[in-house]
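Because the structure is predicted, anything quoted here is derived from the model rather than measured. Below, chain A is the first sequence line, B the second, and so on; all start at residue 1.
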2 protein chains.
Amino acid sequence: MPTIYEVSKLAGVSLATVSRVMNNTSPVRESTRKKVEAAMAELGYRPNSIARSLASNRSDSIGILVSELHGPFYGAMISSIEAEFRTAGKHVIIAAGHSEEATERDGIEFLLSRNCDALILHVEAVSDEYLVQLKAKEIPFVLINRQVPALQPQCISLNNKLGGYLATQLLLRQGHRQLGYISGPLWKTDAQDRYRGHQLALQEAGLDWDPKRLFEGDYHEDGGSAGIRYFLQQGIPLTALICANDEMASGAMTEAREQGLFIPQQLSIIGFDNVMLSHYTYPKLSTIDYPIAAMGQMAARWVLKEVYQQKQPELQLVFEPRLIERDSCVVLPQP
Amino acid sequence: MPTIYEVSKLAGVSLATVSRVMNNTSPVRESTRKKVEAAMAELGYRPNSIARSLASNRSDSIGILVSELHGPFYGAMISSIEAEFRTAGKHVIIAAGHSEEATERDGIEFLLSRNCDALILHVEAVSDEYLVQLKAKEIPFVLINRQVPALQPQCISLNNKLGGYLATQLLLRQGHRQLGYISGPLWKTDAQDRYRGHQLALQEAGLDWDPKRLFEGDYHEDGGSAGIRYFLQQGIPLTALICANDEMASGAMTEAREQGLFIPQQLSIIGFDNVMLSHYTYPKLSTIDYPIAAMGQMAARWVLKEVYQQKQPELQLVFEPRLIERDSCVVLPQP
DNA sequence: AGACTGAATGTAAGCGCTTTCATTTATAGC
DNA sequence: GCTATAAATGAAAGCGCTTACATTCAGTCT
């Protein structure tokens, strides 16, 4: 475990000069640089990250706070972030907030205590006020999937309204008029926006909005199952169903099948998110792609640009969803 | 940002006493303790983790190296590890090795550079020799899903042979005799062991081993598809198929369906791992459960016991798989 | 009260590195 | 060669905390 002191003695220079060579912070004569590098190589010197961090109050690492460490959504996000930073020679430190305020705060504090140079936050429970205060403390962070009006230039999000619109428009284009909609929990902004997009598409098609054709689900599989049972019990005729996420779509497919319906011949179903499961259902699920990997990558680029002053292509803050047509939606047969 | 110096002045004690109160390292008179605690509370003092780590060469955090940051297997593993440590008041730092030797080494060095107290390693590419040397450097670590003979007491693994045995036995019990097997890449130990279990079950049933009924897949969906095509092209009659993982089983199901086979009426299929996708296939996939969450939890307990000297229930190093019967395997109709 | 011993606390050095300011060296111009 | 200036380097302090060893305090026994 050689230290900088040993390197400086072997190279015959001061500690400060070794530091300058390592960090390229000031000009160093080429001949001096070579002596230092040779000494480092001979000793197999590796700088102590903790000491560097204490002295410099930086760490060349970036903290990521996600709601969970498992699940395709978060996996794709952290994976794409990590890949971007790996290329830039930086490390990530990941913490989980579990969508609870105290745990989210604890996670953020953990990351800050490790002197992370910036944070990428996917948080739900902490208040806008807390986030505004975080910015006031000069802590650099970027938010994913969270809109805070006062922090707009550091919010990366998806145009959920457009996603709901696209999903609905596909079915309308296929001739469906008897549509059902299983929403997420409507206190959530993304669930509201997705539903608004659905309503907009209906309006443009000259269809009336009918509250009976909305079922508020929970973003889990059970919500999809319950939605199907609700529509059947209400005797609401459906030829197509829009689910506000893929997991509920999967639940709806299973329940519809158990109720004797053929998918997609009797009921077309479309989901939202394009998480991994949509590829494994039978029939394969049509869905709206949530470009979470691209958004994670953009968050990483934001940090590289804003915090490390690296050149980056133009930053994009609002992402658009994309329609993924698979097998679960078909053209309505002509009457 | 109050420091320990400010706390000591306000409480009227030395730095060392504040440290003792914080870390409970030596006895402190109760009245002194109360003064220190009051000063800390009044100042809103939070110790600087970096400084603590530099001075003590510890960090109250544990490093986890996984092959990937995405995917249900790794998600479940790190999630269960994190949960166990969260309960114990510790944090995890996660790095990805991407199954490449250089990246795995870089990840381990990153974790060590953060003074992680121990490592939990899921590594494939680094050699046994490297791991033995790591131990020689007195670095505490536990391996998941890796057997290194010289490091046996710190290896947590699955009895893969039993899993292959259980999968095969189910089908034999259901009356199937025309079995196919799609293995993982046979240079991998787990793929070998799973296949050995399959062979054992055949042997016990008095069936001959036929090399034509083995197709070596790649553990990806394409491997499953290719396996089906191989068996069909060879004109090998099958009533049941064992796939060495769920992803290949999914590919096999899709391909069989495209080839006009009904699942499970004409071909029963069983997978291995019980990753999330097995729940979403149609019909739902029978599989062998890989208790990765329990194994991750056990790795965490190993660390808590061996490194932090906390009391833990008896440690378990070898885990047994469990048969999960869903809808993709049926009893062979009587001739 | 004094001596002894254990408990409690303080002092000082150090963990390994960064960085500011002082000092030295090198270069250019006259 | 001398002067001025820029480039390069060194010395010293400090980042915030831990901990070993020295010192002080408190309790018990004679």
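- If T25(B) and R29(B) are placed on DNA chain D by their nearest nucleotide, the residue sitting closer to the 5' end is T25(B).
- Atom pair R33(B):CZ and dA7(C):C1' shows a separation of 14 Å (rounding to whole Å applied).
- With E84(B) contributing its side chain and Q297(B) its backbone, the two residues share no donor-acceptor pair below 3.5 Å.
- Ion pair E109(A)/R105(A) not flagged as a salt bridge, since none of the NZ, NE, NH1 or NH2 atoms sits closer than 4.0 Å to an Asp/Glu carboxylate oxygen.
- Proximity of I292(A) to N145(A): side-chain heavy atoms (C-beta onward) are nowhere separated by under 4.5 Å.
- Ring orientation note: the planes of H91(B) and F110(A) are close to parallel, at an angle under 30° on the 30°/60° scale.
- A donor-acceptor pair is defined here as one N or O able to donate and one able to accept, closer than 3.5 Å; no such pair exists between the side chain of E37(A) and the backbone of K34(A).
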*Indicate for each nucleotide in nucleotides 11-18 of chain C, in 5' to 3' sequence, whether protein heavy atoms under 4.0 Å reach the base (B), only the sugar-phosphate (S), or nothing (-).*
B--BBBBS
